[in-house]
Amino acid sequence: MNKNLAGLVDHGYDCGASFIEKSMYAGQKEDCEAIRLFESKYPKLIDYLVFEARKVKEQVYFDPSLKVKKTINFDDFIDDEDLEDERFKLTYQPGELNEFLTEKGYIKSIEDAMIDYKENHIANQDIYGVFLTGGASRMDFIIPLVCKCWNVEPSQVYRDQDPSLTISQGVAEVARMDLRTDGMDVGLEEEINAFLKGSQTYDIFLENFGHDLWDKVTDDIGGVVTAWRDAEENYSIDELQAAISDTVQESVAEFSSNAPAYVENAINESTKEIRDKVESIIAVYSSQGVEINLPNNVKLGEVNFSDINMDSVLYGISEKLKEDSDGWGAAIGGAAIGGAVAMLLGGPLTWLIGGGALLAKWLFSEEKTEEQKQAEAMARELDASQRLDVFNSINEEWQSICESVADSIKDALTSDKSIKNSINKISKEYMQSYMDGLKSARILID
């Protein structure tokens, strides 16, 4: 395994060693009428003779320097007068089976596969060693082919002491682990599919981010109004409204930079049940002494986002909130202080919350428009006592103001579908990366 490669290269070729015994059997069938008769009468027993051919193959490659001969009498396993004196015979001199496989093109197909693998799957990478496993690794033409195609020395090629058992032992170990983890992954696939199709991450983000932004904005607005009330100099309601607008935009700009952290937390929360199930299965492997080399994106108890780009989410949220909060100061200021202006000036409460200004006629001359009257009232500088009256009026409307901010934030986050799409895309990329990580760790999860 070259450390410069991104990960394991899991790629195979159709060069299975079962081709050999099947070809050995087919060659005998061509030359023997009795085998063809046997095949026509007992098609379900063909695999028996193929398996006998396989045992001969294994004998040949267990010690290629020896002659191997095997004879099977048909009447040893079937009762058939037509075949009672017939035999299935296989005989190979040293090197003869390799010659047969060369004629059949099998050895060339393995050579082509080795060359293709080096050129197309580990191109420009150095090969420091080759480990052979499985019974087929005993075939005496394999090591020379490896050295030729991959430019390594025989001393760099390693093999199990008992390669025939390696695969079967691995299968047995997997079966044992499967029994121990039986039922632990029930429903896991459904949960993953539901996650990939749903928008749990976005919903959690919307709730958490929206609530915390609302908390900050309302705190900051409250601070501005309190500071305006307690100021030593006289200030107008226009100046209060401008201060509210500036503060809201500053709060939004500052808080928007936290969006990626909220997305990460939302992914963490929305995938917790899935990850808990996976980690319980991994714990079974580990408790049995099986070392699990987990990639960075599948570390236990944490979510890794190092490979996920959240720029699009940050940009979308910050731009949308900046755009929408432009009008929040005026809307919140108008809703909060409208009634206070009317009371302050002694007129009836006719400046409706969120509406326009309809001040008492006796306050301004008939010639002035309603807009002029409103502008003059808003621009008038107020002393400490007057500002306290406005503050008390705002305090009475505080719940309505907070609800208005919450609605504005929710509308900003939900009206732009690109924000939702970006968050859903990121959460799905994470889950796909997570599942790919499990596969690369070779963890048995259905």
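Computation of the quantities below employed the complete heavy-atom set of this structure, encompassing side-chain atoms and omitting hydrogens, waters and symmetry-equivalent molecules. Since we're looking at a predicted model, the values are computed, not measured.
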Testing the 3.5 Å rule here: is there a donor-acceptor pair between the side chains of Asp220 and Thr247?
no
Hey, are the side chains of Phe19 and Asp14 touching, using non-hydrogen atoms and a 4.5 Å cut-off?
no
Give me the atom names and distance for the closest heavy-atom approach of Ile423 to Thr201.
CG2-CG2, 3.9 Å
Expected output: side-chain Thr226 to main-chain Gly223 donor-acceptor under 3.5 Å
no
In this structure, CD of Glu52 is separated from CE of Met24 (nearest 0.5 Å) by 10.5 Å
Measure the CG-CD1 distance between Leu240 and Ile394 for me, rounded to the nearest 0.5 Å.
5.0 Å
Would you call Ile122 and Ile127 a side-chain contact if the rule is heavy atoms closer than 4.5 Å?
yes
List in chain and number order the residues that pass side chain to side chain donor-acceptor pair (under 3.5 Å) with Arg54, two or more places apart in sequence or in another chain; answer none if no residue qualifies.
Glu58
Cation over ring, Arg229 on Phe391, under 6.0 Å and within 45°?
yes
So does Asp276 pair up with Lys272, basic N to acidic O under 4.0 Å?
yes
For the atom pair CG (Asp212) and CH2 (Trp214), what is the distance rounded to the nearest 0.5 Å?
10.0 Å
Closest heavy-atom pair, Phe195 versus Ser270, reported as atoms and distance to 0.1 Å, is CE1-OG, 3.4 Å
Donor-acceptor pair, Arg159 side chain versus Thr133 backbone, under 3.5 Å?
no
Taking every non-hydrogen atom, the tightest pair across Leu145 and Ile110:
CD1-CG2, 4.0 Å
Less than 3.5 Å apart, any donor N or O on the side chain of Asp140 or Asn98 sitting next to an acceptor on the other?
yes
Just by distance, do the side chain of Gln386 and the backbone of Asp383 share a donor-acceptor pair under 3.5 Å?
yes
Under 4.0 Å between a side-chain nitrogen and a carboxylate oxygen: does that hold for Glu111 and Lys148?
yes
Can you establish whether the number of heavy atoms outside Glu207 located under 6.0 Å from its atom CD is more than 12?
no
Provide the closest heavy-atom pair for Glu21 versus Val50 in the form atom of the first, atom of the second, distance.
CB-O, 3.8 Å
Quick check: closest heavy atoms across Val224 and Ala243, and the distance to 0.1 Å?
CG1-CB, 3.7 Å
Taking the side chain as every heavy atom from C-beta outward, state whether Phe100 and Ser23 have any atom pair closer than 4.5 Å.
yes
Would you compute the distance between atom SG of Cys149 and atom CD of Glu119 and round it to the nearest 0.5 angstrom?
10.0 Å
Taking side chain to side chain donor-acceptor pair (under 3.5 Å) as the test, write out the residues that go with Asp112, two or more places apart.
Lys108
Could you measure the distance from the CG atom of Asn268 to the OG1 atom of Thr271? Nearest 0.5 Å is fine.
5.5 Å
Distance-minimising heavy-atom pair for Ala136 and Ile142:
O-CG1, 4.0 Å
So CG of Leu97 and CD of Gln59: to nearest 0.5 Å the spacing works out to 12.0 Å
Can you classify the ring geometry of Tyr262 versus Phe255 as parallel (below 30°), tilted (30 to 60°) or perpendicular (above 60°)?
tilted
For Glu254, give me all partners under side chain to side chain donor-acceptor pair (under 3.5 Å), at least two apart in sequence or on another chain.
none
Would you call the rings of Phe209 and Phe205 parallel, tilted or perpendicular, where under 30° means parallel and over 60° means perpendicular?
parallel
Tyr61 and Phe141: side chain to side chain contact (heavy atoms under 4.5 Å, CB included), yes or no, with the steps?
CA-CA 10 Å; Tyr61 289 118; Phe141 60 84; 3.7 Å; yes
Please check this pair: side chain of Gln241 against backbone of Asp238, looking for a donor-acceptor N/O pair closer than 3.5 Å.
no
Taking Gln156's backbone N and O only, do any of them form a donor-acceptor pair with Tyr128's side chain (distance below 3.5 Å, no angle check)?
no
With a 6.0 Å cut-off on the ring centroids, do Phe131 and Tyr158 count as close?
no
Audit row: Tyr235, Leu382, side chain to side chain contact (heavy atoms under 4.5 Å, CB included) steps and yes/no
CA-CA 6 Å; Tyr235 287 101; Leu382 307 179; over 6 Å; no
So, Ser393 side chain and Asp389 main chain: donor-acceptor pair closer than 3.5 Å or not?
no
Do we see a donor-acceptor contact under 3.5 Å between the side chains of Asp116 and Tyr13?
yes
How far apart are the C-alpha atoms of Ile237 and Arg380, what are their side-chain angles, what is the distance that settles it, and do they pass the side chain to side chain contact (heavy atoms under 4.5 Å, CB included) test?
CA-CA 7 Å; Ile237 295 176; Arg380 181 174 297 178; over 6 Å; no
Taking Arg387 for its side chain and Ala231 for its backbone only, find out whether a donor-acceptor pair lies under 3.5 Å.
yes
Do Trp150 side-chain atoms and Lys118 backbone N/O form a donor-acceptor pair below 3.5 Å?
no
Does atom NZ (Lys410) have a neighbourhood of more than 12 heavy atoms from anything else shown, all under 6.0 Å?
no
Min side-chain heavy-atom separation Ile143-Leu132 under 4.5 Å:
yes
Just do the side chain to side chain contact (heavy atoms under 4.5 Å, CB included) check on Lys420 and Ser199 with the steps written out, would you?
CA-CA 8 Å; Lys420 180 177 182 179; Ser199 58; 4.0 Å; yes
